[in-house]
Amino acid sequence: MKRITIILLFAGLLWLQGCSSPSSDFDAKTKTKAEAQTNSETKTETMPDSETTLVYERSMELQYAEQFRIDYYADGYVMVCVADGRKYLIVPEDAKPPQDLETDIIILQRPFDNIYLVASAVMDMFCELDALDSLRFSGQKAEGWSIPQAQEAMEQGTILYAGKYSMPDYELIVSEGCSLAIENNMILHSPEVIEKLEDFGIPTLIDQSSHESHPLGRVEWIKLYGVLLGKEAEAQAAFEEQVQSMERAATDIASEKTVAFFYITTNGMVNVRVSSDYVPKMIQLAGGKYIFDNLGDGDSSRSTVTMQMEEFYHTAKDADYLIYNSTIDGEIESFDALLQKESLLKDFKAVQSGNVWCTTRDMYQQSMSIGQMIEDIHSMLSDDSSARENIVYLYPLE
């Protein structure tokens, strides 16, 4: 039986024990780890029947994301900690994982293929990374995707529908050697699915990007998937592109024009975003002001509120701009179509001045376009007609 040494920084080890609440102060933690290494504050353990030595090297620097942390170790080992308390050790291809790790650390052995992707916000990231070939199963049917590459892959049969999050096709998934299931938070309503997947030897990663407080924190999750897929440079480039879009929107003085973002439900109610949601923050970053100052409980996980039309009328009647969210019931093309949904909208300032816009696509699936969306909102608020010509994800009603 071979004896090997695992060298872990003492401060880093403490973080791993408490990584259910990642800190945003990564510079301080990295410094602490470096000092610990200088002072040789190490921990040594024996790993039977393993040739693996884990030596901490560095942590990934994150600009906006607060819901995950990534630590790099020598020889290609990577530890990923997510805010839900789950910890993953990514093991290089043909390498052996340590056998005496903490029991709650999930081993992810490269390569990752035949992935079962349920979290719809992640598909755009896989497309951006040119990594659709690592996916085999989808929790959405082809018609459920607004992403053309995903639709095409499913129509061609390279990605198969394997059931929604609560009812996966276990026989199909297991028969084709699924290596990883990427879920969204809805899976927490069906914990038995996680248990059964893991019984079949399929680890589960729950995407937490929707919990990020900053819009670009959601985008920065592409770095986690870049690490997972060995495409870190591509992930960094894609993230920087969205940062630059946001920065372009911030170059001008804030307009403080008011904006309401909403849609009309089938029963005539109005669905709006709570004030702490990422959409109002995008409006703010674009130079506007969300019309609802203090809507919703800031500590709640809810992102929307449904209200009576009378309440919406009272607050949003004088908003400078209306943005209709077409995600649920599809795009609308004209003021007539909007007024057919609710005739009271004819009294709104934005309707009378012609400042009503509509989203073009399912924005929840366009996770790698948030920076561009911020820039689009900024262009919408601008009086510069040439800037409006470059808008991608919004269009004005005629």
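This structure is a prediction, so every number in the text was calculated from the model and none was measured. When a residue number appears, it is its place in the shown sequence, counting from 1.
- Between the side chain of D124 and the backbone N or O of M368 there is at least one donor-acceptor pair closer than 3.5 Å.
- Hydrophobic clustering of Ile, Leu, Val, Met, Phe, Trp and Tyr side chains at less than 4.5 Å, counting indirect connections, unites M60 with V219.
- Within a 6.0 Å radius of CD in E241, no more than 12 heavy atoms belonging to other residues, nucleotides or ligands are found.
- Residues I107 and L101 are in side-chain contact: their nearest non-hydrogen atoms beyond the backbone lie under 4.5 Å apart.
- Side-chain atoms of S369 do not come within 3.5 Å of backbone N or O of Q372 as any donor-acceptor pair.
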If you apply the rule side-chain contact (heavy atoms from CB on, under 4.5 Å), what do you find for Q365 with S120, and how did you get there? CA-CA 6 Å; Q365 292 184 14; S120 58; 4.2 Å; yes
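- Few gaps surround NZ on K346; more than 12 heavy atoms of other groups in view lie less than 6.0 Å from it.
- Among residues at least two apart or in separate chains, there is no ring pair (Phe, Tyr, Trp, His ring centres under 6.0 Å) pair with a member in residues 80-103.
- In the hydrophobic clustering of ILVMFWY residues, with side-chain heavy atoms under 4.5 Å counting as a link, M167 and V193 come out apart.
- Among the candidates Y278, Y64, W221, the single residue satisfying the ring-ring contact (aromatic ring centres under 6.0 Å, His included) test with H214 is Y64.
- Within the 4.5 Å cutoff, the side chain of L117 has heavy atoms near those of the M123 side chain.
- K87 has a carboxylate O that lies under 4.0 Å from a charged side-chain N of D104, or vice versa, which qualifies the two as a salt bridge.
- With hydrogens and angles left out, the side-chain atoms of D336 and Q340 include no donor and acceptor closer than 3.5 Å.
- Judged by distance alone, with hydrogens and angles left aside, the side-chain atoms of S275 form a donor-acceptor pair with the main-chain N or O of F292 at under 3.5 Å.
- In terms of modelled atom types and a separation under 3.5 Å, the side chain of T359 and the main chain of L394 share no donor-acceptor contact.
- Sorted pairs that involve residues 139-164 and meet ring pair (Phe, Tyr, Trp, His ring centres under 6.0 Å), not counting sequence neighbours, are lacking altogether.
- When the side chains of ILVMFWY residues are joined at heavy-atom separations under 4.5 Å, either directly or via intervening members, F200 and I182 end up in two distinct hydrophobic clusters.
- Residues C127 and L132 form a side-chain contact, since some pair of their non-hydrogen atoms from C-beta on lies under 4.5 Å apart.
- A donor and an acceptor atom, one from each side chain of R218 and S210, are nowhere located under 3.5 Å apart.
- Here the rule is side chain to side chain contact (heavy atoms under 4.5 Å, CB included) with I283, and of L381, I377, T258 only I377 fits it.
- Within 6.0 Å of the CG atom in D347, the count of heavy atoms belonging to other residues, nucleotides or ligands exceeds 12.
- The pair E171-K196 does not meet the salt-bridge criterion, since no charged nitrogen lies less than 4.0 angstrom from a carboxylate oxygen.
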Begin with the C-alpha distance, continue with both residues' side-chain angles, and end with the deciding distance and a verdict on side-chain hydrogen bond (donor to acceptor under 3.5 Å, both in side chains) for R69 and S59. CA-CA 8 Å; R69 180 184 178 91; S59 296; 3.0 Å; yes
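- A donor-acceptor contact shorter than 3.5 Å is absent between the side chain of D277 and the backbone of P280.
- In this structure, a donor-acceptor pair under 3.5 Å is absent between the side chains of E155 and Q151.
- The 12-atom threshold is exceeded at NZ of K341, counting heavy atoms of other residues, nucleotides or ligands nearer than 6.0 Å.
- Among all heavy-atom pairs drawn from E66 and S213, the shortest one is OE1-OG, 3.5 Å.
- In terms of heavy atoms, T315 sits closest to I291 at O-CG1, 3.5 Å.
- In this structure the side chain of P168 reaches within 4.5 angstrom of the side chain of I173, judged on heavy atoms.
- The two atoms that bring D207 and N185 nearest to each other are O-ND2, 3.5 Å, heavy atoms only.
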Using the rule given for salt bridge (Lys or Arg N to Asp or Glu O under 4.0 Å), can you reason through R136 versus E176, listing the C-alpha separation, both sets of side-chain angles and the distance that settles it, and then say yes or no? CA-CA 9 Å; R136 181 55 174 162; E176 298 213 15; 2.8 Å; yes
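- A donor-acceptor pair under 3.5 Å links the side-chain atoms of Q242 to the main chain of G371, judged by distance alone.
- Salt-bridge formation is detected for the pair E375/R248: a Lys NZ or Arg NE/NH1/NH2 atom is positioned less than 4.0 Å from an Asp or Glu carboxylate oxygen.
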Please assess I202 against L180 for the test side-chain contact (heavy atoms from CB on, under 4.5 Å), listing each intermediate value before the final yes or no. CA-CA 6 Å; I202 302 172; L180 176 66; 5.7 Å; no
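- For the pair I115 and S179, the tightest heavy-atom approach, listed with the atom from each and the gap, is CG1-OG, 4.1 Å.
- Annotation: side chain of T158 is not in contact with side chain of L135 (no heavy-atom distance under 4.5 Å).
- Using a distance-only test at 3.5 Å, with no hydrogens or angles considered, no donor-acceptor pair links the side chain of R273 to the main chain of T304.
- Shown are F335, Y324, F312; of these, the ring-ring contact (aromatic ring centres under 6.0 Å, His included) with F348 is made only by F312.
- When every heavy atom of Q109 is checked against every heavy atom of E93, the shortest pair comes out as NE2-CA, 4.1 Å.
- A cation-pi arrangement, defined by a distance under 6.0 Å to the six-membered ring centre and an angle within 45 degrees of its axis, is present between K223 and F239.
- Checking side-chain atoms of S367 against main-chain N and O of V122 turns up no donor-acceptor pair under 3.5 Å.
- Counting only heavy atoms from C-beta outward, the side chains of I206 and N184 never approach each other to under 4.5 Å.
- Counting heavy atoms from C-beta outward, F262 and L322 have side chains that approach closer than 4.5 Å.
- R110 places no side-chain N or O within donor-acceptor distance of the main-chain N or O of V91, the cut-off being under 3.5 Å.
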Apply side-chain contact (heavy atoms from CB on, under 4.5 Å) to residues Y313 and Q308 and explain how you reach the verdict. CA-CA 9 Å; Y313 184 100; Q308 297 286 343; over 6 Å; no
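- Cation-pi geometry between K231 and Y225 is not satisfied (NZ or CZ under 6.0 Å from the ring centre, within 45° of the ring normal).
- No donor-acceptor pair under 3.5 Å is formed between the side chain of S134 and the backbone N or O of D113.
- Linking Ile, Leu, Val, Met, Phe, Trp and Tyr whenever their side-chain heavy atoms come within less than 4.5 Å puts L229 and V80 in one cluster.
- The side chain to side chain donor-acceptor pair (under 3.5 Å) test with K349 singles out one residue from D320, D318, N355, and that residue is D320.
- Under the 3.5 Å distance criterion, with hydrogens and angles disregarded, a donor-acceptor pair is assigned to the side chains of E240 and Q236.
- The two residues A238 and E128 make their nearest non-hydrogen contact at CB-CG, 3.4 Å.
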Begin with the C-alpha distance, continue with both residues' side-chain angles, and end with the deciding distance and a verdict on side-chain contact (heavy atoms from CB on, under 4.5 Å) for V78 and D71. CA-CA 6 Å; V78 184; D71 292 329; over 6 Å; no
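- Here the CD atom belonging to Q149 is positioned 10.0 Å from the CD1 atom belonging to I159, to the nearest 0.5 angstrom.
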Checking E183 against R86 for the salt bridge (Lys or Arg N to Asp or Glu O under 4.0 Å) test, could you report, in this order, the C-alpha distance in whole Å, the side-chain angles of both residues, the deciding distance, and whether it holds? CA-CA 13 Å; E183 304 276 354; R86 288 177 167 246; over 6 Å; no
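- A heavy-atom distance below 4.5 Å is not found between the side chains of K289 and Q284.
- No single ILVMFWY cluster, assembled from side-chain heavy atoms under 4.5 Å apart, contains both Y165 and V82.
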